Every structure is written in C-alpha cells, then in structure tokens.
Colleague: 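Below are the structure tokens for one structure; questions will follow.
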Amino acid sequence: MYKGGEGYWSWIFHRITGVGVALFLFIHVADTFIIGWGPGVYNAVTSLYRNPVFKIAEVILVAAVLYHALNGIRVILVDFWGEGVLKQRSIFWAEVVVFVILFVPTAILMLSRL
Amino acid sequence: MATNGAGRPRPRGSGFELYSWLFMRISGVLMLIFLLGHLYIMHIINSVEVVNYNFVAARWGTPLWRTWDLILLLLAALHGSNGLRILIDDYIHSHGWRVVALAVLYVLAIGFILGGSLVLFTFQPVAS
Amino acid sequence: MKVKLRIKRFNPQKDRKPYWQEFEVEAEKTDRVLDALHQIRWYQDGTLGFRRSCAHGICGSDAMLINGKNRLACKALFADLGDYVTVEPLRGLPVLKDLIVDMEPFFAAYRAVKPYLINNDQPPLKERLQSPEERARFDDTTKCILCAACTTSCPSFWVNRDYLGPAAIVNAHRFIFDSRDQAAEERLDILASRDGVWRCRTIFNCTDACPRGIQVTKAIEEVKRAIMYAKV
Amino acid sequence: MKYHTYDAVVVGAGGAGLRAAIELTDVASVAVVTKLYPTRSHTGAAQGGVCAALGNTEEDHWEWHMFDTVKGGDYLVDQDAAEVMCREAIDEIYELEHMGLPFNRTPEGLIDQRRFGGHTRNFGEGPVRRACYAADRTGHMILQTMYQQSVKHDVHFYNEFHVFDLILSEDGRAAGVVAYELATGEIHIFHAKAVLFATGGFGRAFRVTSNAQTLTGDGMAVVYRRGIPLEDMEFYQFHPTGMYKMGILLSEAARGEGAILRNGLGERFMERYAPTLLDLAPRDMVTRAIYQEIREGRGAEGKDYVYLDLRHLGKQVIDEKLPDITDFVRTYFHIDPAKDLVPIQPTAHYAMGGIPTDIDGRVVVDEKNTPLPGLYAAGETACVSVHGANRLGTNSLLDILVFGRRAGAHMAKFVKENDLPPLPKDAGERVQAMLDSLLKANGHESVAKIRTDLQRDMMDLAGVYRTAEGLTKMQGILGELRERYQHIGLQDRGSLFNAELVDAVELGFLLDCSEALVSSALAREESRGGHYREDFPKRDDQRFLSHTLAYKRDNGQIELRYKPVVITRFQPKERKY
Ligand SMILES: Cc1cc2nc3c(=O)[nH]c(=O)nc-3n(C[C@H](O)[C@H](O)[C@H](O)COP(=O)(O)OP(=O)(O)OC[C@H]3O[C@@H](n4cnc5c(N)ncnc54)[C@H](O)[C@@H]3O)c2cc1C
Ligand code: HEM
Ligand code: SF4
Ligand code: F3S
Ligand code: FES
C-alpha cells in the first residue's frame with residue numbers, strides 16, 4: 001500500500017463515493033420512473049425503502065453525498081483558487097470538521113426515526 | 001539502451017477533456033444547491049416514511065419543483081456518467097471491454113435521462 | 001545500531017517473480033538508506049541492483065519506494081525511518097533488476113513536451129533581458145532533477161502509463177512560464193491532450209514525493225488554468 | 001560484440017560532453033556514450049557559479065579575469081589557454097542564456113553576478129562580482145540546459161554504457177572506443193573518426209570527497225593505459241568547505257554571499273592568512289589555513305573540523321540565494337544554518353590535471369605538444385591547462401563550456417576532412433579478456449575493502465600535506481593494493497546490471513590515477529597551488545615552472561617528463577592575497 005497523504009486518501013474516498021452515489025442515482029431514477037405506472041406500483045416499490053436495512057443505507061448515502069460534495073468543493077478550490085493548492089491539507093481537515101458537524105446531527109436525526 | 005530524441009508520438013489536444021473537466025466542476029457547484037437541497041428536503045426534513053405517491057404528486061404539482069428535479073436529474077446523470085466514463089477510461093484497458101463498458105454506460109445514461117425527463121414532463125397525478 | 005532492510009528482489013534471468021529478502025546492516029542514525037544498500041552490495045550480496053551516483057540528492061538516480069513512499073535513498077535517513085525499512089523499485093515502470101527500473105518511458109514523456117527554450121527571434125548580442133519577477137515565475141520548476149519520484153507515485157499514472165505524468169508537466173511548465181519562450185501554445189496543446197494534464201486528479205502524491213520540494217501539483221494546476229483561459 | 005560506426009563518439013554526457021555534442025550533432029553523425037543517464041552527471045552538483053567578465057554589476061575586464069586565473073593557478077597556467085577561456089567566456093555565457101539557462105537577474109534584467117574566491121578587480125585590488133549564477137544550482141541549470149538542447153538537436157545517446165578502452169588504429173589515430181552495456185553485459189565497438197573523452201574527475205580516490213560515487217577517473221585511466229600521458233596529476237584541489245565527515249560540498253558562494261569561517265575559539269582565522277581577500281582567498285590557501293588551525297589545536301571541540309558561519313546573512317539571503325546547501329545541512333545534519341554554525345572540513349574536490357590537450361581539445365602526447373589525430377578531451381578529465389596548480393571557483397564550469405564547444409567545433413572540422421581509420425581486428429579483445437577474468441574472479445580480496453584502504457591512505461598521505469616519506473610510503477601501499485587487486489572475488493556472474501563488475505573495473509581506474517598522482521607529486525619537490533610539500537614549502541620556479549607528464553610504460557613503470565608552461569602576459573610573481 002502506498003503511504004500517501006491527505007490528497008491521496010481524499011481522492012480514494014471521492015472516487016468510491018462518486019461511484020456509489022452514481023449507482024444509487026441510477027436506481028433512484030429507475031424507481032422514480034415507475035411513478036408513471038401509477039400509485040399502486042410506485043408505493044409498492046418505494047415501500048422497500050422503509051425497510052431498516054435501506055434506512056441505514058440511506059444514512060450511508062447521505063454521508064457519501066456529503067463527503068463527495070465537500071471534497072468536490074476542496075477539489076474546486078484547489079483548481080481555481082491559486083492559494084488552494086498550497087493549502088490543500090488544511091482544506092481537507094476543514095472539510096473533515098464540516099463533515100462531522102453536518103453529518104453527526106443528521107445521522108442522529110435520521111437514525112432516531114428508525 | 002540507445003536513444004535519440006524520438007520515442008513517443010506527439011500527443012495533440014482535442015479539447016474534449018478540458019470541457020469534461022470544466023463540466024464536472026460547474027455541475028458540481030450547481031449540485032451543491034440542487035442536490036443538497038433535494039437531500040435535505042426529501043431525506044432529512046422529510047423521510048422515506050412520508051415519501052409516497054401522493055407526496056411526489058403534490059410536489060410535482062408546482063413547476064418550480066418539476067424544474068428543480070429536471071435540472072438535478074440532468075446534472076446528476078451527466079456528472080455521474082461522465083465520472084463513470086473517467087473510471088472506465090482509467091481501469092479498463094482492453095479495447096474490447098472498454099467499448100462494451102462505454103456502450104453500456106452511454107445507453108444507460110441516455111435511457112435514464114430520457115426516461116426521467118419523460119416522467120417529469122408527462123406526469124399527470126391520478127388520485128390514489 | 002542494527003537496521004533491517006526488506007528488499008524486493010527480482011532478476012529476470014533467474015527469478016520467475018519478485019520476492020522479498022531481508023538483510024541486516026550495521027548503521028548509524030545519520031546514515032542513509034543508500035549507505036545501507038552500499039553495505040549490502042559491497043559486503044553481503046554483490047548482486048544487489050540499484051542505481052546511484054551523487055549520494056546527496058542532486059542527480060536523481062536513486063528514487064525508490066522506501067517504507068511505502070517514493071524517496072531518494074540518499075536522502076532517506078534511518079533517524080527518520082526507524083530500524084526496519086522496506087525498499088521496493090518505483091511503481092509503474094518496468095523492473096529490469098531489483099531496484100532498477102526502465103527509465104525510457106519516463107524520458108520519452110519528458111521529450112514529448114518540447115523541454116527546451118524555443119525562441120525564433122534573432123538573439124541580441126548580449127543577454128535577453130528578464131526581470132527578477134519574470135524569472136521568479138518559473139523558478140520552482142527549474143529545480144527538477146528528473147528522478148521520477150513524482151510520476152511513479154501517481155495513482156493515475158499507475159493505471160495509465162500513457163499519462164505524460166507530473167514530471168513532464170513540471171518541465172513543460174518551466175518553459176511555458178518563461179518570459180523568453182515563444183512556444184507556450186504548442187506545449188499547452190500537447191498537455192491538453194487526453195494523456196496530458198487532465199489525467200491529473202489532484203492526488204498530491206507527486207508533491208509529497210518530490211525530493212526537490214517542488215510544488216508539483218501547483219505547477220500542474222497552473223498549466224490546467226492556462227489551457228482553460230486559452231480556450232474558454 | 002556489436003559494432004557501430006559514427007563520425008564522432010563523445011564519451012561522457014556531463015557539461016563538457018554535451019556541449020561538444022550539441023556543437024557536433026547538426027554537422028556530423030555523433031554517438032554520446034555515457035555510463036550515467038546524462039542528467040545524472042556530476043556537473044549537476046556544481047553550485048556556486050560560472051564566471052565571465054560581463055561587468056553587469058561592476059566594472060570588469062577579461063584581462064583581470066585572466067590575471068586572476070593565472071595567479072590563482074600559481075603561474076602554472078598555460079596563458080594562451082587562459083586567454084582563450086577568459087575572452088570567450090563572455091560570449092559563451094550569452095550563448096548559454098540564449099539556450100535558455102535561467103540565471104538570476106539584476107533589477108535591470110541583466111544576468112546577476114556574485115563574488116567568488118580569488119576573483120578580483122584591477123589585478124588583485126579586491127573582490128569583484130564575476131560569477132554568473134542561478135541560486136546555488138548553477139551546475140544543475142547548466143546540465144539541464146545542455147540536456148534540453150540535446151533533446152532539441154536530437155543527440156543520439158547510449159546511456160549506461162561504460163567505456164573501458166580506447167581503440168587506436170595501426171597508423172596511430174584514434175579509431176573508436178569499446179564500451180560495456182550495463183543493462184545486458186554486451187560489448188560494443190564504436191568505430192569513429194574522432195573520439196572525445198569528457199568523463200570528469202576522480203575524487204573517489206579520496207576518503208572525504210564532494211565527488212559522486214561514479215567519479216573514478218575512467219577517461220584518464222583508459223588513455224593512460226594506452227600510452228598517452230597524464231598531465232599535472234599532482235595538482236588535486238581540496239575544497240575548504242565540505243560537510244563534516246560526508247564531504248558534501250557547501251559552495252564557496254556561501255562565502256561569496258558573506259559567510260565566514262571560524263575556528264573552535266570563534267575567531268575569524270582567515271584574517272591571519274589572507275588579510276585582503278579573507279575568506280575569499282583561493283581554495284588551496286583556505287584549505288591549508290583550516291588544517292593549520294586544526295593542527296594547532298583550534299579545531300572545533302578539539303576535533304578535525306571548523307565552522308562555517310552563515311547566521312548573520314539572514315534568513316532571506318540563505319533561503320533565496322543558497323537554498324540547496326541549506327537543504328543539505330537541514331537534511332543531513334538536522335541543523336539550521338540561519339541559527340547554527342555548520343561543521344565543515346576540507347573535501348577532495350577537483351583534478352586540475354588530466355589528459356593533456358591544446359586549446360582545441362586535441363590530445364597532445366609529448367612535451368612538444370604533438371597531437372594524436374582524432375583524439376580529444378575536455379572538461380575535468382582534460383588538462384588544457386587553464387587551472388594550473390589550483391583552480392579558481394567557477395572556472396571549471398567555464399572550462400567545460402568553452403573547451404567543450406571548441407573541441408566539438410574542431411572535431412566537426414576533423415571528421416569532414418578525414419576518412420574512417422581502419423579498425424584493428426582485435427579492437428574488443430582487451431576488454432573481453434578483462435571481463436572474462438572478472439566474471440571468473442573468485443579470490444579472497446574484496447573490491448570495497450581495497451577501495452576503502454586506498455581512499456583512506458590517499459587522503460592521509462597524498463592529500464593536502466605531502467612529504468617525500470609519505471608519498472614513498474603511498475607508492476608502496478599502491479603496489480600492495482595492486483597485488484591485492486589481482487586476487488579479488490566477485491559474486492555476481494550475471495550479465496544484467498552487474499554493478500559489482502563495474503565497481504571492480506572502476507577500482508582499477510582509481511589505482512591508475514592514484515599512481516600517476518603519487519609519482520608526479522613525489523617528483524615535484526616544491527610547493528605550488530594545490531600541491532603542498534612540507535619538506536619543500538616554497539615554490540621553486542627554477543626547477544619546477546613546468547608541467548609534469550606521467551606515462552605508464554608497458555612494464556608497469558611510470559616515466560615522468562616535463563613540458564614548459566606557456567607564459568604570455570603575466571610573469572610569475574609571489575602569490576599573496
Ligand atoms: C559539488 C561540486 C560543486 C562544484 N561547483 C562548481 C562551481 O560552482 N563552479 C565551477 O566552475 N565548478 C564547480 N565544480 C566543478 C565542476 O562542476 C566539474 O569539474 C565539472 O562539472 C566537470 O564536468 P565534466 O563534463 O567534465 O564531467 P561530469 O559532469 O562529471 O561528467 C562526466 C560524464 O562522463 C561520463 N563517464 C564517466 N566515465 C565514463 C565511462 N567510463 N564511460 C562512459 N561515460 C563515462 C559520466 O556518465 C558523465 O556523463 C563543482 C564540482 C563539484 C563536485
Ligand atoms: C453535490 C455536489 C457534487 C460536487 C461538488 C461534485 C464534485 C465533483 C468533482 C469536482 C469531481 C471531479 C473530481 C476530479 O476530477 O478529480 C467529481 C467527480 C465525480 N463525481 Fe461528483 N460531485 C457532486 C455530486 C455527485 C453526484 C450526485 C454523483 C453521482 C451521480 C457524482 C459522481 C461523481 C463521479 C462518479 C465522479 C468521478 C470520480 C473520479 O473521477 O474519481 N458526483 N465530482
Ligand atoms: S518534479 Fe520532483 S519528483 Fe518529479 S522528477 Fe522532478 S525532481 Fe523528481
Ligand atoms: S499524484 Fe498524480 S493525480 Fe496529479 S497531483 Fe500528482 S499528478
Ligand atoms: S544518488 Fe544522486 S540523487 Fe541520490
């Protein structure tokens with residue numbers, strides 16, 4: 001395993017979350033498409049989402065989107081803000097802090113509805 | 001090994017990768033609004049408990065939400081599938097498999113964009 | 001103190017695949033991995049293959065993967081590494097023997113970016129003028145010693161050997177931003193290709209690995225923006 | 001065996017080799033054969049600067065430069081060569097700038113210049129700013145620029161090919177070289193009309209050196225074995241400021257920027273040795289001053305080193321003008337030169353002597369300067385002689401450029417006017433026989449041990465201070481080492497990157513160079529420049545205002561001859577700074 005720094009790990013997670021979210025998106029578009037078949041089918045399909053397993057998956061999804069979005073901002077800062085590339089490490093750790101601040105309450109809220 | 005200046009054909013830019021790169025960033029920024037908004041409303045304020053046919057139907061009653069979701073659909077599908085294209089480009093090296101993977105990706109992407117838009121444009125709520 | 005080196009060995013004339021071998025050497029804290037490699041070659045196993053020349057981080061011969069990171073063996077001190085050190089050849093270039101890799105693909109990428117000053121005007125009788133500020137603009141990228149530590153630390157390069165790689169971009173940057181050069185557009189065109197700067201995903205392994213402390217990713221980003229401003 | 005035919009072969013891809021190749025490539029077919037990738041050459045390690053009397057920051061003239069060169073070399077300099085070098089320096093630097101070399105600039109946009117040891121204004125009045133520089137990476141920039149130009153001119157390289165022999169045709173011309181391809185173990189014969197040796201120095205003959213592991217005097221030894229003499233080998237320069245124990249160089253540029261030397265008591269001891277130029281006196285003097293301090297018990301902590309003090313320069317100067325040496329000190333000593341004194345010790349640095357040549361790089365083989373047709377040498381491996389008994393800082397980078405170019409230009413002319421000499425049938429046989437025996441070598445002696453002993457004893461007995469007794473002892477030791485060398489054992493019998501085999505061959509080269517050095521030094525019963533005989537502490541122009549030529553005869557004996565120094569403008573005077 002190459003012992004990379006912040007940039008390396010943030011990229012690995014960005015990739016994983018990007019693919020994860022994209023796969024979910026395709027499923028999500030598919031299920032929404034089903035709405036065209038009318039309420040019966042749609043409600044039957046979306047009720048699957050109420051299964052606790054899916055609810056935990058949903059929390060993970062939110063985490064993934066949140067991380068991907070925050071790190072996307074980091075990447076964009078690195079790309080367009082001249083200083084960004086020199087401060088990428090600090091930006092990464094700031095991103096981690098923001099992630100925790102946003103995600104922890106959200107996760108508690110979502111899981112409390114389990 | 002003996003070498004002179006030669007050895008590698010000189011690459012030339014086509015410009016496509018630049019636009020792909022720019023698009024990933026622009027769509028990313030836009031999605032910060034559209035996607036995080038969507039997530040917040042659908043999964044956090046509300047929850048999958050309340051999301052059912054009527055809920056969606058009510059939401060799509062206003063053009064604002066229909067436009068919102070349409071934009072989001074386009075952005076996310078394009079951003080996501082372009083992202084997957086980049087991954088295929090990175091990891092699938094055999095020419096044949098690459099063509100297959102890209103073909104599947106493009107068919108899916110176009111299918112979902114067309115299908116999703118179709119629903120968004122044509123959806124007429126029926127009472128349930 | 002005693003240090004242990006775990007070295008990835010491979011001799012294509014004898015071995016079907018690479019294997020690990022451990023050596024124990026007497027070393028001081030201020031000794032470098034290169035000193036230990038020398039001890040091994042000189043007194044334990046004369047067949048150990050590695051490159052080196054200057055022994056103080058200026059010639060770029062001995063970049064290798066040490067404790068999971070690309071470094072120059074002559075700049076990696078046991079004081080910073082501890083007494084158990086793993087050494088592998090650089091990734092992404094064909095291994096020729098033990099720690100020696102084929103550098104040709106690396107230099108081919110370098111040559112592809114026109115790494116020389118292009119100025120078709122008749123030169124003046126004396127020097128061309130250049131202000132200290134103009135000179136400072138590309139100072140960082142003139143430091144490159146072509147050691148390949150950056151390119152071979154880049155995950156994007158590992159999976160795509162056609163990627164020109166950070167070192168080639170650094171050397172293109174050195175000319176693109178030199179006020180005396182006239183071929184920036186040509187180089188930007190080369191770097192805008194599929195195997196140019198867009199293969200960089202801002203992973204920063206290159207910057208972390210560069211033994212000359214060059215802000216490699218910064219240089220790449222500057223090239224990306226130059227391409228963008230030229231075309232958009 | 002593989003055969004190649006070219007108009008010209010350049011051996012070595014440091015500054016000198018590349019400069020010649022660039023000059024040649026467009027007009028002739030050229031192969032550059034080098035044991036290192038070009039950018040690994042030790043020219044890249046040069047730090048401080050390359051001088052030319054541009055007069056960009058203060059008045060300066062090439063005549064002043066020439067005077068300093070002659071005086072710095074303790075009047076052993078051939079003044080026709082020094083004149084060529086100092087005159088052509090100016091256009092050479094402009095040419096380099098046009099090739100893209102990123103020099104530091106003055107506020108007006110001119111090439112900036114700094115002070116360096118022994119370079120003075122108006123024939124010795126005080127220090128002058130003559131060294132053009134790029135931070136403390138001047139050699140790096142020169143090597144990179146030369147390599148960039150070689151890419152542009154499509155120079156044909158054979159990288160990691162070790163030249164082990166010179167081919168002479170029966171009619172006494174150079175006919176090519178024999179090289180060993182490291183990657184495959186194959187022997188290659190390069191058949192050519194002209195051959196240039198630009199293989200650098202042999203600092204690895206000493207224990208503490210600023211030179212790369214690979215600087216083993218190959219070119220010198222190869223021609224020496226073929227009966228060509230080596231000139232002025234006794235003149236070896238010890239640079240005053242090497243990092244303690246490691247030998248890594250801390251450029252004179254540090255003192256050029258104002259750093260000073262201090263002994264263990266904190267005194268600026270150069271005040272006693274060179275009241276005018278102080279720390280910027282020529283290297284031989286500063287080195288001896290350091291040794292003197294150490295001998296008299298004023299070394300740091302009573303040991304064999306003193307300090308270089310950069311603290312008063314301020315962080316900005318240190319970071320901007322001396323970034324690399326600062327990095328060396330931080331990396332290897334874990335100290336900060338802006339706050340701490342840096343332990344330094346003289347380090348074996350530069351061979352003033354080498355393969356004798358004229359001002360066109362043609363190798364000359366006797367005291368009448370008879371050229372050997374088709375054979376050329378340039379750079380540290382050659383002796384033109386522009387450095388005489390002691391080289392001034394920044395004159396070597398200049399030497400490799402000016403005489404690299406001149407050699408290239410002359411070769412271009414030569415290959416146009418001459419045919420390919422016939423290739424002797426047994427061209428590769430000597431090398432083949434040598435390799436065969438090395439691949440079978442299974443004696444009990446270790447190459448590394450012999451080399452370590454050589455380096456230790458050369459440092460002690462043939463280093464800065466020399467005596468008849470010590471040098472005679474060293475001759476004996478060399479005989480023993482040679483005997484041991486006959487009984488070495490090698491483990492690697494393979495043909496891929498057999499570095500052990502190369503190490504063994506290089507040790508043989510080092511032994512040859514050391515032998516020539518010691519014999520020449522023993523015979524020179526005077527002190528001049530870098531050659532200091534404690535038993536003959538004075539310069540003796542009566543007996544020794546002449547160049548030594550050392551020949552290796554077939555019976556292994558060394559024959560010494562002498563050739564007159566060319567004196568044109570400046571008559572020898574006592575050397576004071
Ligand atoms: C640390 C340091 C700092 C210095 N600073 C300065 C300075 O500031 N100013 C200054 O003027 N001078 C300086 N010098 C001196 C100067 O740098 C050198 O003398 C000069 O660069 C030598 O150049 P070269 O081309 O002769 O040889 P090198 O650059 O040493 O090149 C030798 C070439 O020969 C090749 N070679 C050797 N043996 C063989 C073989 N058997 N077969 C094939 N190829 C072979 C090598 O591969 C290499 O390419 C410094 C020297 C050192 C060591
Ligand atoms: C919410 C805001 C989002 C932002 C700010 C954002 C930002 C980015 C950026 C800047 C990149 C380019 C990374 C690079 O070139 O190195 C990227 C890549 C990617 N994104 Fe997003 N993105 C967002 C949402 C999404 C969504 C919803 C999906 C899924 C549909 C997605 C899937 C991907 C994929 C698959 C990649 C490619 C990953 C890679 O190349 O490593 N992203 N994203
Ligand atoms: S940029 Fe740094 S790491 Fe890359 S080749 Fe140059 S010196 Fe080595
Ligand atoms: S590691 Fe590779 S992805 Fe870019 S920032 Fe460096 S080149
Ligand atoms: S040996 Fe030259 S960089 Fe390490």
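First the proteins, then the strands, lettered A, B, ... as listed; each starts at 1. Computed from a predicted structure; not experimentally measured.
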Colleague: With only heavy atoms counted, which part of Asp45(C) is less than 4.5 Å from chain D, the side chain, the backbone, both or neither?
Modeller: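 Looking at Asp45(C), backbone and side chain both touch chain D.
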Colleague: Would you check if the side chain of Lys152(D) reaches a backbone N or O of Tyr116(C) as a donor-acceptor pair within less than 3.5 Å?
Modeller: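 Side chain of Lys152(D) to backbone of Tyr116(C): no pair is present.
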Colleague: Is it true that Glu97(D) and Arg180(C) make a salt bridge, defined as a side-chain N closer than 4.0 Å to a carboxylate O?
Modeller: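 Arg180(C) and Glu97(D): salt-bridged.
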Colleague: Hey, are the side chains of Pro102(D) and Arg174(C) touching, using non-hydrogen atoms and a 4.5 Å cut-off?
Modeller: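 Touching, per the 4.5 Å side-chain cut-off.
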Colleague: Anything in residues 51-63 of chain C with a heavy-atom distance to chain D below 4.5 Å? Please list those residues in order.
Modeller: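 Within residues 51-63 of chain C, the residues under 4.5 Å from chain D are Arg51(C), Arg52(C), Ser53(C), Cys54(C), Ala55(C), His56(C), Gly57(C), Ile58(C), Cys59(C), Gly60(C), Ser61(C).
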Colleague: Measure distances from Glu95(D) to the heavy atoms of chain C and classify the residue's part below 4.5 Å as side chain, backbone, both or neither.
Modeller: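 For Glu95(D), no heavy atom lies under 4.5 Å from chain C.
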Colleague: Does any non-hydrogen side-chain atom of Arg451(D) lie less than 4.5 Å from one of Trp42(C)?
Modeller: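 The answer is yes, as the side chains (C-beta and beyond) meet within the 4.5 Å cut-off.
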Colleague: Do the charged groups of Arg111(C) and Asp154(D) touch, with an N to O distance under 4.0 Å?
Modeller: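 Result for this pair is no, no salt bridge flagged.
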Colleague: Go through the atoms of Leu496(D) and report whether side chain, backbone, both or neither lie under 4.5 Å from a heavy atom of chain C.
Modeller: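 For Leu496(D), the contact with chain C is made by backbone and side chain together.
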Colleague: Checking the side chain of Gln144(D) only, and the main-chain atoms of Thr142(C) only, is there a donor and an acceptor separated by less than 3.5 Å?
Modeller: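 Checking the backbone N and O of Thr142(C) against the side chain of Gln144(D), no donor-acceptor pair under 3.5 Å is found.
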Colleague: Should Leu110(D) and Gln130(C) count as side-chain neighbours, where that means a heavy-atom distance under 4.5 Å?
Modeller: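 With C-beta onward as the side chain, the pair stays apart.
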Colleague: Residue by residue, which of residues 30-39 of chain C have a heavy atom closer than 4.5 Å to a heavy atom belonging to chain D?
Modeller: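 Only Arg32(C), His38(C) of residues 30-39 of chain C have a heavy atom under 4.5 Å from chain D.
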Colleague: Answer yes or no: is there a donor N or O on one side and an acceptor on the other, between the side chain of Arg135(C) and the main chain of Phe103(D), under 3.5 Å?
Modeller: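 Yes; at least one donor-acceptor contact below 3.5 Å.
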Colleague: Hey, are the side chains of Val151(D) and Pro115(C) touching, using non-hydrogen atoms and a 4.5 Å cut-off?
Modeller: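 In short, these two side chains touch, coming nearer than 4.5 Å.
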Colleague: For Lys126(C), is there an ion pair with Asp91(D) - N to carboxylate O distance below 4.0 angstrom?
Modeller: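 Answer for the salt bridge query: no.
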Colleague: Verify whether the ring centers belonging to Phe107(C) and Tyr37(D) lie closer than 6.0 Å.
Modeller: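 Here the rings of Tyr37(D) and Phe107(C) have centres that are less than 6.0 Å from each other.
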Colleague: Do Asn56(D) and Glu127(C) get their side chains close enough for a donor-acceptor pair, meaning under 3.5 Å?
Modeller: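 Side-chain D/A pair, Asn56(D) to Glu127(C): present.
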Colleague: Is the closest side-chain heavy-atom distance between Leu77(C) and Tyr332(D) below 4.5 Å?
Modeller: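 A side-chain contact under 4.5 Å exists here.
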Colleague: So, Gln13(C) versus Ser495(D): side-chain donor-acceptor pair below 3.5 Å or not?
Modeller: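 Per modelled atom types, Gln13(C) and Ser495(D) side chains form a pair under 3.5 Å.
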Colleague: Can you tell whether the side chains of Asp327(D) and Arg212(C) come within less than 4.0 Å, N to carboxylate O?
Modeller: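 Answer for the salt bridge query: no.
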